[in-house]
Structure formats: structure tokens, C-alpha cells
Amino acid sequence: MVRGMTTRGYHHGDLRRALLAAAVEAIDESGPAALSLRDLARRAGVSHAAPAHHFGDKAGLLTALAVEGFDLLAEALGWAGDDLLEIGVAYVRFAVDHRAHFEVMFAPGLYRADDPEVAAARARAGAALRGGVATLPDRPAVEPARDALAAWSIVHGFATLWLAGALPSDAGRDPEAAARAVIRRLFE
């Protein structure tokens with residue numbers, strides 16, 4: 001059950017927020033495919049109809065979670081400044097710290113990927129990453145879109161491999177240190 005929720009009554013200060021928090025908890029436990037609105041209602045201590053009232057269906061809930069995730073990612077990348085290495089490390093840190101969001105955000109078949117709020121939040125996160133690529137020293141700005149795609153591919157691939165436990169053991173136990181070593185290769 002989501003902390004602070006009771007199984008009695010329907011008195012929540014922010015039920016939408018409570019349901020999103022319950023979704024993160026459930027996805028962390030079992031992955032996004034196992035998520036059900038009925039389970040979220042149970043976790044939040046509300047009627048089984050309450051999640052549908054707020055989100056319509058599972059895709060609606062996951063759309064809201066994807067928007068939240070892209071906004072959190074944009075914020076995390078923004079805090080990293082304009083240093084591409086630190087932006088890449090922030091990306092990996094986000095994936096590790098917000099695994100449920102990360103899993104949903106990059107599985108567009110689970111939510112309404114064409115939703116305008118998703119598109120806007122995704123664009124904010126993408127702009128933060130592209131901003132770091134633009135600061136690369138001694139690089140011709142011939143193909144900035146391809147440079148941004150290369151940078152994203154490296155950090156996203158690293159984060160995905162880390163979360164799956166698929167990296168070799170000599171990568172270490174600290175995702176940020178390991179990511180920093182890999183991302184530095186961009187500058188060599």
C-alpha cells in the first residue's frame with residue numbers, strides 16, 4: 001500500500017498523485033505489463049472505479065506516468081548544466097533512481113505516445129540532451145542531430161544494460177562511476 005494511504009474511505013488530498021505513486025511502486029515490483037487499475041485502487045485504498053475516473057484506462061495512467069517521467073528527466077538533465085559528460089551521468093542516474101518511469105517512457109506501445117503532453121515533455125528532455133551535445137569542443141556542427149542521437153544511444157544503452165544487470169562484473173557497482181568512464185570515450 002502507498003505510504004500514508006488507508007483502506008478506509010475516499011479522502012485523499014491528491015488521488016491522482018497517490019495513484020501515480022502506487023503505479024511506480026507496482027511497476028518497481030512487477031514491471032509495467034503486470035500493472036492493473038484494480039491493484040492500484042487496492043494499493044491506494046479506493047474503489048476499483050477511482051483509477052478509471054482519473055485516467056480512463058491503463059494506457060491513460062501510463063501516459064500520465066510517461067509525461068511525469070519525461071518531465072523528471074528534463075529536470076535532472078537541466079540540473080547537470082551544459083556539460084555533456086554530466087548530462088550523460090544524470091541520464092543514467094535518472095534511469096537507476098526512476099526505474100519505473102524509465103521502463104514506461106521507452107515502451108511507447110504501453111501508453112498514448114501521440115499525446116500532446118507526452119510530446120511536449122519528451123521534447124523538453126530531448127532539448128536538454130541536445131544542448132549538451134552542442135557544447136562539445138572542437139567538433140564541426142555539421143550533423144548535430146546525429147551527434148545527439150549518438151550521445152543518447154550511448155547513455156540510454158548503458159542505462160538499459162545496467163538496469164538489466166547485463167554489464168560485465170568489471171563495470172563495478174557504482175552506475176555513475178561506470179557511466180562516467182564509458183561516456184568519457186565520446187571525448188577521446
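Fair warning: this is a prediction, and the values are worked out from it, not measured in the lab.
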Inset, instruction - Kindly compute the distance separating CZ (Phe70) from CE (Met105), expressed to the nearest 0.5 Å. - result: 4.0 Å
Legend entry - Heavy-atom pair of closest approach, residues Ala76 and Ala90: O-CB, 3.8 Å
Legend entry - Polar side-chain atom of Arg16 near backbone of His54 as donor-acceptor pair, under 3.5 Å: no
Inset, instruction - Can you establish whether the number of heavy atoms outside Trp162 located under 6.0 Å from its atom CH2 is more than 12? - result: yes
Legend entry - side chain to side chain contact (heavy atoms under 4.5 Å, CB included) assessment of Asp71 paired with Glu75: CA-CA 6 Å; Asp71 281 339; Glu75 182 179 330; over 6 Å; no
Legend entry - Distance-minimising heavy-atom pair for Asp39 and Ala26: OD2-CB, 4.0 Å
Inset, instruction - Under the side chain to side chain contact (heavy atoms under 4.5 Å, CB included) rule, what do Phe158 and Leu167 come out as? Steps first, then yes or no, please. - result: CA-CA 8 Å; Phe158 182 89; Leu167 291 173; 3.6 Å; yes
Legend entry - Phe102 vs His156 side-chain heavy atoms within contact, under 4.5 Å: yes
Inset, instruction - Could you tell me the separation between the NE2 atom of His101 and the CG atom of Leu62, rounded to the nearest 0.5 Å? - result: 10.5 Å
Legend entry - Atom of Pro175, atom of Val92 and distance for their closest heavy-atom approach: O-CG1, 4.0 Å
Legend entry - Beyond-backbone contact of Trp79 with Glu86, side-chain heavy atoms, under 4.5 angstrom: no
Legend entry - Any Ile27 side-chain heavy atom under 4.5 Å of Leu65 side chain: yes
Legend entry - Salt bridge present between Asp174 and Arg180 (N-O < 4.0 angstrom): no
Inset, instruction - Return the minimal non-hydrogen interatomic distance between Ala64 and Leu20, and the atom names on each side. - result: CB-CD2, 4.0 Å
Inset, instruction - Report the C-alpha distance between Val96 and Arg93 in whole Å, list the side-chain angles of each, state the deciding distance to 0.1 Å, and finish with yes or no for side chain to side chain contact (heavy atoms under 4.5 Å, CB included). - result: CA-CA 5 Å; Val96 171; Arg93 183 182 318 115; 5.9 Å; no
Inset, instruction - Compare all side-chain heavy atoms of Lys58 with those of Leu61 and state whether any distance is below 4.5 angstrom. - result: no
Legend entry - Arg17 CZ: over 12 foreign heavy atoms closer than 6.0 Å: yes
Inset, instruction - Mark yes or no for whether Arg122, through its side chain, and Val118, through its backbone, hold a donor-acceptor pair below 3.5 Å. - result: no
Legend entry - Smallest separation among heavy atoms of Ala128 and Ala74, with atom names: CB-O, 4.4 Å
Legend entry - Verdict with supporting geometry, Tyr111 and Val104, side chain to side chain contact (heavy atoms under 4.5 Å, CB included): CA-CA 8 Å; Tyr111 61 90; Val104 170; 4.0 Å; yes
Inset, instruction - Look up atom OG1 in Thr63 and atom CG in Leu110, then write down how far apart they are to the nearest 0.5 Å. - result: 9.5 Å
Inset, instruction - Would you name the heavy atoms of Leu129 and Ala148 that are closest together and state the gap between them? - result: CD2-O, 4.3 Å
Inset, instruction - To the nearest 0.5 angstrom, please state how far the CZ atom of Arg43 sits from the OG atom of Ser36. - result: 8.5 Å
Legend entry - Distance, nearest 0.5 Å, that separates CG of Leu77 from CG of Leu72: 11.0 Å
Legend entry - Euclidean distance, Glu25 CD relative to Leu35 CG, rounded to 0.5 Å: 11.5 Å
Legend entry - Side chain proximity check, Ile154 to Tyr91, heavy atoms < 4.5 angstrom: no
Inset, instruction - Please examine the side chains of Val24 and Asp28, heavy atoms only from C-beta on, and report whether any two atoms are closer than 4.5 Å. - result: yes
